[in-house]
Every structure is written in C-alpha cells, then in structure tokens.
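Working notes, structure below.
Proteins come first, then strands; the chains are lettered A, B, ... in the order of their sequence lines, and each starts at number 1.
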Amino acid sequence: MTLLINNIERVRLLHGVKRIRCVEETIAARYSEGKMRCPTHLCTGQEAVAVGVCATLRNTDFAVSTHRSHGHYLAKGGDLSRMLAEIYGKSTGCSSGHGGSMHLIDESVGFMGSTSIVGGTIPVGTGLGLSVSLKGTDQVSCVFLGDGSTEEGVFYESLNFAVIKQLPVLYICENNLYSVYSPIQVRQPANRKIYELARSLGVPSETGDGNDVLDVYAKTSRAVASIRSGGGPVLLEFSTYRWREHCGPNFDNDIGYRSEQEYLDWKQKDPVEVFEAKLCGDEVLSKEALSEMERSIVAEVNDAFAFAENSPFPSPDQLGKYLYKEDEGASL
Amino acid sequence: MTLLINNIERVRLLHGVKRIRCVEETIAARYSEGKMRCPTHLCTGQEAVAVGVCATLRNTDFAVSTHRSHGHYLAKGGDLSRMLAEIYGKSTGCSSGHGGSMHLIDESVGFMGSTSIVGGTIPVGTGLGLSVSLKGTDQVSCVFLGDGSTEEGVFYESLNFAVIKQLPVLYICENNLYSVYSPIQVRQPANRKIYELARSLGVPSETGDGNDVLDVYAKTSRAVASIRSGGGPVLLEFSTYRWREHCGPNFDNDIGYRSEQEYLDWKQKDPVEVFEAKLCGDEVLSKEALSEMERSIVAEVNDAFAFAENSPFPSPDQLGKYLYKEDEGASL
Amino acid sequence: MKRVLTYGQAINEALCVAMRQDRNVITFGLGVDDPKRIFGTTEGLVEEFGPERVFDMPTAENAMTGVAIGAALNGTRSVMTHQRLDFFLLAMDQLVNNAAKWSYMFGGKSSVPITIRLILGRGWGQGPQHSQNLQSWFAHIPGLKVVMPSTAADAKGLLLSAIFDDNPVVYLEHRWLHNIEGEVPEGDYRVPIGEAQVLSSGQDVTLVSFSYMTIEALHAVEHLEKQGVSCDLIDLRSVNPIDWPTVFESVKKTGRLIALDTASQTLSIASEIIARVSMELFHELKSPPVRIALPDYPTPTSPALSEKYYPRAEDIMQAVADLLNMTLDTDELIQSRTSPHDVPGEWFKGPF
Amino acid sequence: MKRVLTYGQAINEALCVAMRQDRNVITFGLGVDDPKRIFGTTEGLVEEFGPERVFDMPTAENAMTGVAIGAALNGTRSVMTHQRLDFFLLAMDQLVNNAAKWSYMFGGKSSVPITIRLILGRGWGQGPQHSQNLQSWFAHIPGLKVVMPSTAADAKGLLLSAIFDDNPVVYLEHRWLHNIEGEVPEGDYRVPIGEAQVLSSGQDVTLVSFSYMTIEALHAVEHLEKQGVSCDLIDLRSVNPIDWPTVFESVKKTGRLIALDTASQTLSIASEIIARVSMELFHELKSPPVRIALPDYPTPTSPALSEKYYPRAEDIMQAVADLLNMTLDTDELIQSRTSPHDVPGEWFKGPF
Ligand SMILES: Cc1ncc(C[n+]2csc(CCOP(=O)(O)OP(=O)(O)O)c2C)c(N)n1
Ligand SMILES: Cc1ncc(C[n+]2csc(CCOP(=O)(O)OP(=O)(O)O)c2C)c(N)n1
Ligand SMILES: [Mg+2]
Ligand SMILES: [Mg+2]
C-alpha cells in the first residue's frame, strides 16, 4: 500500500475513530436510563470504515446510509449534538425529533439521510449520482450499505443503472457477517464475494480490511479519484465486525447466534486500539497528545449529551408539521 | 456437440417448431378480425427454445412463463384448443376466459402458469423448485424468462435463493435483444453476459444458439440431467429474435427501433426453415413426410381455431367466480 | 381562439413547457424515447432536450423510483412514467417508505419533488395484471399527493403543478382518456392540486367523480338533463388532498350523493367520500349515499365478462333514478354508442 | 380447566399444531430460527420440524413471496413472517399481482394457499418506517383474505384457519398484543375467517374494532359501564371479508356507530365500515357515524409526538360521551395506567 497520508492526517483519523467509539459507548452506557426511546443500532467495532471513507470525501460530496448510521453521519461531519438530540427525541434534533436514531440528516455536510429499510438508500444514493452527473459537477455520492442489503434486488438494480450511466457513485459495503442474528452463510452462497459480484455487474471493485482505517483510506482514495475523474461507479467491500447486539446497547454473544470466541478474535483487531497503538508506537502521537485528544473527545461528547438532554421536546403541534414542503416551485 | 438424439426425435422437434410457427402465424393472420381481444405476444422466430427445452422435460416437470408464452405452453404439452379458446375469451379456454393470451395454464402437463408482469414468475418457478426439493421427487422446475426480466431485482433474489438451497430449477433466458422497443444496450452494460452474471451468482450456466433446436436440446439435456441428479439450479441463455412486433400481429421493423436488415439477418437463421432444410438434406425426412406433417399441423390448428371460435362465451355470472378456491384444507 | 388538444397532447405539452422552463426537469421510463413515445405523450422530447434528460431505463421499477428520489434531493425533478400502474407495484417500498415520508421523517430538512405518471389500463382484454386502479392505496399514504385529471386542460395543468410541486405526486392517467379532446390553455398553465372542478350544476343529486368515470358521468348528466333531472357533477381532479369544501357545499345543496370510482368498490375513494360526507353532513342528506364502482374482483379478460365488470353512464342514470324514486329512460344513451364496450372509441384497435 | 397463554404463545402453538398435522406446512422468514424466534412465536419449531421446514431467508422480500406462491402451486403451505409490515412493501408485486389473482386469472385452475404474518410495530420510537398499519391496502385487493386477531384464542384460531385456507391470507399481528394473555383451546382450534366476535353487549353505541384498538376499546367499555353506558363491542377479527351481518345487526340495535382503526384515518377500514353502514342502514342511524383512527401523518419518532398520535381508550370514551351528549369522566381510566404511553407494558424495555 502506498503511503498516501501524512502524520497529521493519521492523527485526524485516530481522532475520528476514537470520537465515534466514545459516542457509541456513551450511548450504550446511558441507554438503559430509558431516555433514548427509539431503536438504536450502534457501530462499535466498525468505526474505521466510516472514518477512512469519509476522510477521502469533501463536504460537498454526498452520503446516504442505513439503520446503523451514527458513524457515517459523524465521520461525514454531521453535527454531534443534533444527532444525540434526535436520539433523545428533542426538537433540536437533526430531524426535529421526527426521525430518531435511524433517520439522521445533515445536508450542510452532504449527509443526505439514513433510513431503516434494508437496501432503501442504495437507489437513493445512485439517484444523487445521476443528479450530479446531470449537473456536471465533480461530486461523489457515497452509499453506505451492509452485507444484508446486497440480498435485496434493489442493490442489483441500482448497480446495473449506475454502470449503464457511469454514475459517480461509491458503494461502500460493510460486511460484518451478520444481518440481525442471521449469519451470512444462510443468506448467501458459501463462495460468494460481494465485491466479485459487483464486478460481474460491471462495477469495478476491491475488498479491504474494514478494521484498518489506513487500508480503508487508501483504497477509498483511489476509488474516489477514479470516480471523480469520470470513471463511473466503484464498490468497496470492507470486512468488519459489530461488537454489540444488532439493535440496542448490550452484548449478546451469549444468546447463541455467534460465539464469544469469534467476538474476541475480532476484538483483537479493534480498529481503535490497534491503530492507536501503532501511532503511539511509531511516535506519531505522544502519550500527552493522546490524553489531550481523549480529554477533548470526552468533553465534546459530554457537552453534546448535555445539549440533548437539556433541549426541549417538540411541542405536540409539531406532530402536524413537515408532511409536505411548502411549494416554492419554478416561478410562474 | 455430442449427438444425443435419434432421427425420430429430430423429426419430432421439427414438428414441434413447425406447429408453434403455424399457430402463431395463424393468430397473426386472423388477429385483425378483432375476435381475439386481448394483448397477444407472438413468439414467431423463437420457437426452437421452447421446443428444444421442453423436449428434455417430462410431463411431471414444471414450467412457468411470461407474457410471451404460447410456444412454451404448447411445447410443454398444453392443450392447443384451450389456448386458442382462451385467447378468444371463451369459457372453454384454459383459464375459462379470465386470463387471455398472457395467462395460460395446463397443470395436467406441468405448465403451471404464465403471467404478464416482467420477472413475475421467476420466483414462482423457484418456489416450485423449493416444493419439489421438500417433497424429494426428481422433478425439475423450468422458468422461461426474457432478457428484460434479468433487470428486475427479483431475478437476482430468486437465483440467490435457488443457489443457497440448491433447488432443482432450470432458468431459460431467451435473449431476443429487446424489451418492447428498447434494445438491450440501453438497459444493460455493453459487456454484460447474462449467463456469466448467473455464474457469478453461483448458478452454473451456459449460452447457446436459440435458433438451433438441436443446440438447445443438447445443452438443456445436460442441464436437466445435472439438476435431476441434485446438482442445483442451472441457467441457460439462448440468443434468438422475435420476428413480429412486441405485442400484436404485425411487423414493425419500419418504425425505427431496429432495422429491417437486422431482422433479415435473423430470418436467415430461421429456427424452422434451417432445421427443416437440414433434416430434408440429411434425408431424415422425405418430401412426402414433410408434406404430411404440414398437412396434419394445419388441420390440427384449423380444428383448434374452429373449436375456439365455436365455443361459447362465458356467461356474465362467471365474472363472480374463482376469486377464491373453496376451502378443502386439512381435515379437522 | 379555441385551441383544442387531445389529453395525450396536453401531457406532451406540459412536459415540454416544464423542461424548457427548468433544466432540472428530466423524464424517464420504459419507452419514453421509443417509436411509440408512451402513446405519443413524450413525442419530440428526446429530440429537443437530449438523451441525458429523456431516457429509457432498465426494467427495474423499484430502484428507478429510488433513483428519482435521490436525484430529487439534489434538485433534479424527475417525471417517471410507467405504461401500466400494475408494474409500479414493484416500487411501493421506495414510494411509500421513502418518497412519501422523506420530508416528515427528516423534520422538513428536505423533500422529494418527483412526479410518477402511471397509466391505468382498461379494455381490449387488459385483464387482471394490466388494469388495476389503485388510487386509494396512494391516497391512503400521508405525504403523497395524487391527481387524476379527466380533461385535456387538467391533464396539462395538473402535470405542470405536479412537476413543480416540491413533494411526490402520483399522476394517474387513464388509457381511455388519451384521445379525448378539449380546449387547452397555452404556456405554463397550472391547475392547483387539491381543487375540484364543478363540471355541471344542478339541484337534484351530487355526483362526485374523477378520471374516466367523469366521462361516463358527463354522458349521464347530459341524458338526465334531457329528462328533467339536474346534477352537480364534481370532478375531483385530485384524490389526495380532496377538495372537501366543494363536495360539502354541493351535498348541502342537493342532499343526495352518488360517489363514482374506477376501482374496486371496497375501500375506494368513493368509500371515503361517502364516509366523510356521512360523518360531517349526516343531517343534510335526504337519502342514503350511493357508490358506483367496480365489483370486488380482479379484471376478467374475456370481453364477455368485462362488459358486466365496468359500470357505465346508464348505471349512473339508474342510480339517480333510484335515488329520486322515478323512472328514467336509458335506451337512447345506450343506443348512441357506436363502438364495442371494450374500447374507448373506434381509434382504439388493440392490442395495447 | 382454563389454559392461559399469551398471544405470542398462541401463535407458536398454532404453528406447531399445523406443522404436526401436515408435512406440507413450512415456515420461513428473517429470524424464524434465530435466538429471538420472532418474539418467541417460532420457539421450538426448528428443533421439532428441522431446518428444511423452518428456515431463515435472505433479505429478499419480493422473491421470497414468489417462492411461497410457487411452492403453494405444488401443495406446500408456507407461513412467511416479517418482523414489520413495512418491510413487506417490497413484495406488493408478488402479493397483489400474483397471489391475490392466481385463482381468478387462471379460472380457478389453481390457487395459492400461503399465509403472510406481518407484525405491526408501535411504540419505543418505531417511527415512520417501522409502524405502518396498511390493512386497508390488503383489504382493498380482491382475492386476499386479511385477519387481525386481538385475543390469544383468535391468534391461534385464525392462524390455523389461515394456514389451511386454500387462498392467500395476510395475518396481521400487532406487536403490542404479543404479551397479552387469554384462554386458548388446545389442539386444532380454528376460528372461521370472516366472522366477527361480539366482545361486549350493550344498547347505547356500537363500537367496531380490531387488533390492538380492541384492547383500548375494552378499557373504554369497562369504564363506560361503570358510568352507566353500555356498548356493543364488535371485534372484527377479519377485515376482509368483513362480517357485515354482525355489524349491521348491532347498528340496528344501537343506532350509533364508532369505527376504530389502528391506521391513518383516510381510506381506513373504519372508513369502509362507516361508508357501508351509511349506505345500507342510513335510516337506522340516530346520529352521524364516528371514526377514531390515526391522523394522516407518518408515525413520528419522538415520544413527545407519538403520545398525541395514537388515540386511546379515553378518546373512545370521549367520542361516546359526545355521541350521547353527556359528560363522562376519563380521569380514573387515565390514572389507572402504570406504564409510559410508548410501551404496551412494563415488560417492554425497547429497543424493539
Ligand atoms: C426490507 C427490510 N427487511 C428486513 C429488515 C429488518 N432488518 C433491520 S436491520 C437488518 C440487518 C441488515 O443487515 P446488514 O445490511 O448486513 O446491516 P447490519 O445490521 O449488519 O449493519 C434487518 C434484516 C429491514 N429493516 N428492512
Ligand atoms: C414489471 C413490468 N414492467 C414493465 C412491463 C412492460 N413490458 C411488457 S413485456 C416487456 C418486455 C420484457 O422484455 P423481455 O423480458 O426481454 O421479454 P420479450 O418481450 O423480449 O419476450 C415489458 C417491459 C411489464 N409487463 N412488467
Ligand atoms: Mg451486516
Ligand atoms: Mg427480450
């Protein structure tokens, strides 16, 4: 792998994964208080994909995501306080409390929305790519998706269209081996490789280590450069692992769908700790700088939680708002 | 290609393609009388696929098909008179007049139904395969489909499931280069091969000459043998060409979506004439036997049209029938 | 000077006006650039606006709906066309889970200005899978606007309003209307979504109708008038939102309601009209409200069966007669018809 | 001796009875064999009947519905399960274009005995894409049977009837019902599809309800009775076909109708109840019929918003009070609640 990245950027990547980890683990710690009253899918263990990918994207690039979108939203630059406020159901939430954890949006940084129907945003991100291509800008549209969503026909339909029109779409598949409690073996044939499948559809693709933020960053950089220069869609498949239960704050390696050992093996490849150890070992980062980074992350996260908790709930009449956008339309 | 087939069988194949040709062309000739009042998609030019495939199947094997199903229905052994009566909207029709040309059925020969939503029967045929596999018989479920239907997500979803469960399903893709008036180039990437795509999904596949009934027969025989012996699903892609307009009795090479020359080139490869010439040239079939075959086909087809025309229309109260099957259910 | 266009030409003109006015308007769907041009409605578009803005698509209804949604989030206004509503059943997820809810679920942060043209089939043995009228599905979904123009002018005016509406609009055009003619204003003519039109004024009965049933209702009204019965004929034009004030005002005047629909009767738009009127104007009704819609069966293919399946003008006349407790003559109306029951007119020669 | 099961256990028992009785019964869906076993409803099945008959599936709702249809054509009776109705929007094509029409469009030559279990979400911020109640979509489609049991006994009896019905049945189970308890008969107990049940008898008002709204109605009826108001509470159980004789008989007695629904009000089953009663029993109604259903918005996620979104027992009491022109006290009812409004009971700890 060519070294595409300087030390300042590497520290920034470390900050990115540590920050997401801190957010997710704080949610996990506080979830049982019963104040975050919506289905919440944590991405602990998968932070490197979000951070490595988004580090290659510009603010003006687009991203869409799934039910498990906290990391993508944050890495793309989404407002942390408004995300937490959304999970708390507050009026200051990024979706004014209408959406919750599964429906995050921050258009100011190109995060165009996450939704909770598996596969639901794959064509949406593809359509963003169509619009970019019609407008002739050099934006990239990034679609985050899970291994489960590649079983939906819409995945295949979307890629087919992206290829025909050579759209500037970056498909990022986080293969964490599970869809809820269903292992990939019961859903896809044993020899299936998602990135190979994409190729056979006509989408150039690669696979990478989703727990290694530098690998993610390097492969995505290349893909983004190709897409930006008109090379058409690319799919990257990153292998990674979700640490906590599918939905909710707990661990569930004891309930029988996967083994504690499997989890522990993946924990060895912790995208945060391994990278942190590397940067410290390489003396890219001093002990003090690391502590300072951690302190500032915790402070930011605590502030954001305080903001969320202290924000007002929407007033009941907000129930009737936002069904339609008031028409502006083209002038008559 | 190994010679898998004796002369009697070859003559039978010729009879099969000539019979379907005669039916389709007679429909085309009579359609403007205005008595066949339903959308009708003729398969003239594509007869060899239906005949070659079905010659390898048993009566107890299943088949499902699309809007363009006359050939499949007839080759599978479906009752000709009842098919025509169905197109004429008569009570003696195979679907009692409720279905028309696009909804043919003859369960007595395993033809389980054709429908008019593109891709609609791909999972249905897959489900027949599931049921066969649960019951442990050695039946094969054959799904006829067009190149257009491979763009529907359900094609991909169905193949994925068939692979996972190793179902006894034979997918026959007739690639006639068009979906209505849309050439395949605007719908699929230039280098796409449908049979290669199937392989990348985990379905073994081959491609063949859909205008050569012997090639179809040979490749399908191998596929069926493999499926019957538990080898799981197979997809065969046969290239062929529809002679007449997408829907209706006329030629439409003049309206601009394809060239007269393209049509004429394909007509050179006429699945009926070329094969007939070959059998006559090889002296498998005498002039007299050929005449006799043609005479008997014409007589059968005329009889069937007479049956259809002379059959009564359903009485208006049939409108309210068949919405539900009366329950038989398991005994209480 | 009167300028008469067919309904199909009016649709074509609306597309043309919209695309000239706003580069962000595009149109796609199976066949939009093929020789038949969606029954002529997309004539000339690819030539004028180019293949980037007017294009065919793979047979992939669900993804392509999502594509339209995504494009909308970046300001592209798609008009997506399907030759039959039935095909669009594949796209309910994107339409209902995404398009309809996008504005609401993101607290108004963005919205999805897309227009979905769906053609409602009828006649010539279209049968069970090519003639469904599922307007009540769409109208049941909060966040979707649903229009069903009956006249050429409304076909144009509502399509322009749909395209420039900032929300998803389902535009349902009936195959039997494409060739009807009417005066159509030039230029950027818009008909507001959610406003009904009173096509005839009377005292005796309120007919609430839309789409092709309005044509049957107009025949009925004409023949009723000859026999001294006068009706309010309200053409809803939009079935979501529904113009309740216009409906209520008329029922207050006549005290009698017949609701028409092109769909299976149970849970039809006609049901909702009757339910709302019964709840809100119970005491103004002089007699029980009446519904004229299709029976609860799929569409049979045989012409011998479809003849009884579709209610027509004479059934409306008969319902009026029953409501008013009088006898009316439907023979003249029936005898005035020149074409078989399973085609809209002589121009229709099948097989589409 | 009374044998009390939860609604979820009753579903489980029905599956078990059906699968023991008929080898052709299979069940599949995301998670049917996972540790959570679809909220316990598929407990023990894979162990007893093996992975051939009880299996997980790829996330491919449309194809898997078609697979169930195809298997049905060869005599396999599938029970397909989805953890939320919302996911099943992907499968409308197979359900509506194929399953619902198969028997009709092939002139009765074959039919499609499949059962589709769809769980209706509510509470704990399920939000816009995890709590849709689209029963009126299904009930609008000729050829589909649609059941919505409210009690544990009906959960069992209707599931067994659905599985052994020779036609497609959509079985809608509300997430807030899984833990309610009731007496459940043993063995192959069946409740006929299309028969309502009168859960309480009274003189003043007819309440027509189904699914979770029946629980709210039962609370309301109990508190109304204490205050001297007696109601007929009809639990429809099936929303297609609807048991009209039972509804009509009750309205003839009381002259007053309140129709309840778990869905958005416009074009709801409640609309159809009101429309039909208004058409058929207009002169028996003493006052305008009333509809209690959800407002025409997607489900908001924040508990501060969902609280106002869902009508509850006190709203039913208030509607009765308005109908009867009297004042009723709802405080006692409201104060009797022990859990927050966004969970069905203390056992419900999110996040599902
Ligand atoms: C269409 C649809 N089917 C089923 C579900 C239920 N569901 C929620 S998340 C999920 C898992 C999807 O797996 P994957 O795409 O791999 O994402 P992961 O949870 O592993 O991040 C499923 C099946 C859904 N939300 N939408
Ligand atoms: C879901 C759906 N979309 C569109 C159509 C309209 N349509 C009818 S036949 C057809 C062509 C399909 O092409 P192909 O599968 O190649 O079959 P062919 O007509 O070439 O035999 C189309 C698009 C349809 N029937 N169903
Ligand atoms: Mg996964
Ligand atoms: Mg084709």
Side-chain angles (χ1 to χ4, degrees), chain A residues 62 64 86 91 93-100 102-107 112-113 115-117 119-135 139 141 152-162 164-165 167 314 318 321-332, chain C residues 18 21-26 28 52-53 55 57-78 90-91 93-94 97-98 100-114 142-143 145 160-161 163-168 187-188 190 193 241:
Chain A
F62 296 126
V64 291
E86 188 61 35
S91 66
C94 57
S95 301
S96 308
H98 281 223
M102 302 193 291
H103 301 293
L104 303 179
I105 188 167
D106 191 340
E107 293 194 301
M112 305 304 281
T115 70
S116 64
I117 302 294
T121 49
I122 300 177
V124 173
T126 306
L128 281 160
L130 173 67
S131 183
V132 165
S133 132
L134 287 169
K135 297 192 178 200
Q139 289 159 287
S141 172
E152 293 284 4
V154 78
F155 165 74
Y156 160 86
E157 294 179 355
S158 300
L159 266 64
N160 186 50
F161 184 69
I164 295 172
K165 295 277 179 195
L167 301 180
Q318 298 285 310
K321 279 191 82 169
Y322 310 128
L323 181 62
Y324 295 120
K325 182 171 174 204
E326 292 300 308
D327 295 358
E328 293 159 13
S331 59
L332 269 170
Chain C
Q21 185 162 313
D22 186 345
R23 272 206 56 79
N24 289 312
V25 178
I26 66 173
F28 59 91
E52 287 223 315
R53 292 175 63 198
F55 56 88
M57 64 174 215
T59 329
E61 289 78 3
N62 199 35
M64 292 311 299
T65 305
V67 163
I69 293 168
L73 299 179
N74 191 33
T76 297
R77 292 175 184 268
S78 297
L90 284 155
D93 168 49
Q94 285 297 325
N97 281 329
N98 277 349
K101 297 179 176 46
W102 205 272
S103 170
Y104 194 82
M105 77 187 163
F106 292 112
K109 296 300 181 301
S110 64
S111 76
V112 173
I114 60 174
K145 299 185 181 181
L160 274 158
S161 292
I163 293 171
F164 291 115
D165 196 291
D166 280 335
N167 305 284
D188 185 1
R190 303 198 191 178
I193 295 175

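Heavy atoms of C:Asn97 lying under 4.5 Å from chain A belong exclusively to its side chain. In this structure, chain A has a heavy atom under 4.5 Å from the side chain of C:Pro58, while its backbone stays farther away. Both the backbone and the side chain of A:Ser158 come within contact range of chain C, judged by heavy atoms closer than 4.5 Å. There is no contact between A:Tyr156 and chain C, counting heavy-atom distances below 4.5 Å. With a 4.5 Å cut-off on non-hydrogen atoms, C:Gln94 touches chain A through its side chain but not through its backbone. Neither the backbone nor the side chain of C:Ile163 comes within contact range of chain A; no heavy atoms are under 4.5 Å apart. Contacts of A:Leu323 with chain C are made by both backbone and side-chain atoms, with heavy-atom separations under 4.5 Å. Only the side chain of C:Asn98 comes within less than 4.5 Å of a heavy atom of chain A; its backbone N, CA, C and O stay farther away.
For the atom pair OG (A:Ser95) and OH (C:Tyr104), the distance works out to 12.0 Å, reported to the nearest 0.5 Å. C:Arg23 CZ to A:Lys135 NZ: the interatomic distance, rounded to the nearest 0.5 Å, is 10.0 Å. To the nearest 0.5 Å, atom CZ of residue A:Phe161 and atom CE of residue C:Met57 are 9.0 Å apart.
Per-residue counts of heavy-atom pairs under 4.5 Å with chain C were compared for A:Ile122, A:Thr115, A:Thr126, A:Ile164; the largest is that of A:Thr115. If you tally non-hydrogen atom pairs under 4.5 Å between each of A:Cys94, A:Pro123, A:Pro314, A:Ala162 and chain C, the highest count goes to A:Pro123. Contact tally against chain C (heavy-atom pairs below 4.5 Å) for A:Val132, A:Leu134, A:Leu167: the top residue is A:Leu134. Ranked by heavy-atom pairs under 4.5 Å with chain C, the list A:Asp106, A:Val64, A:Leu104 is led by A:Leu104. Ranked by heavy-atom pairs under 4.5 Å with chain A, the first of C:Ala60, C:Ala68, C:Ser111 is C:Ala60. Contact count against chain A (heavy-atom pairs under 4.5 Å) is highest for C:Leu73 among C:Leu73, C:Val112, C:Leu160.
For C:Ser103 (side chain) and A:Tyr322 (main-chain N/O), a donor-acceptor pair under 3.5 Å exists by modelled atom type. Of the possible donor and acceptor atoms, none in the side chain of C:Lys109 sits under 3.5 Å from a partner among the backbone N and O of A:Glu107. A donor-acceptor pair under 3.5 Å is absent between the side-chain atoms of A:His103 and the main chain of C:Phe106, judged by distance alone.
By the 4.5 Å heavy-atom criterion applied to side chains, A:Val154 and C:Asp93 are not counted as neighbours.
Considering all non-hydrogen atoms of both residues, A:Ser131 and C:Asn74 come closest at OG-ND2, 3.0 Å. Contact between A:Leu128 and C:Gly70 at its shortest, heavy atoms only, is CD2-O, 3.3 Å. Summarising the geometry of C:Trp102 relative to A:Met112, their closest heavy-atom pair is CZ2-O, 3.4 Å, with the distance given to 0.1 Å. Shown here for C:Asp166 and A:Glu326, the closest heavy-atom pair between the two residues is OD2-O, 3.6 Å.
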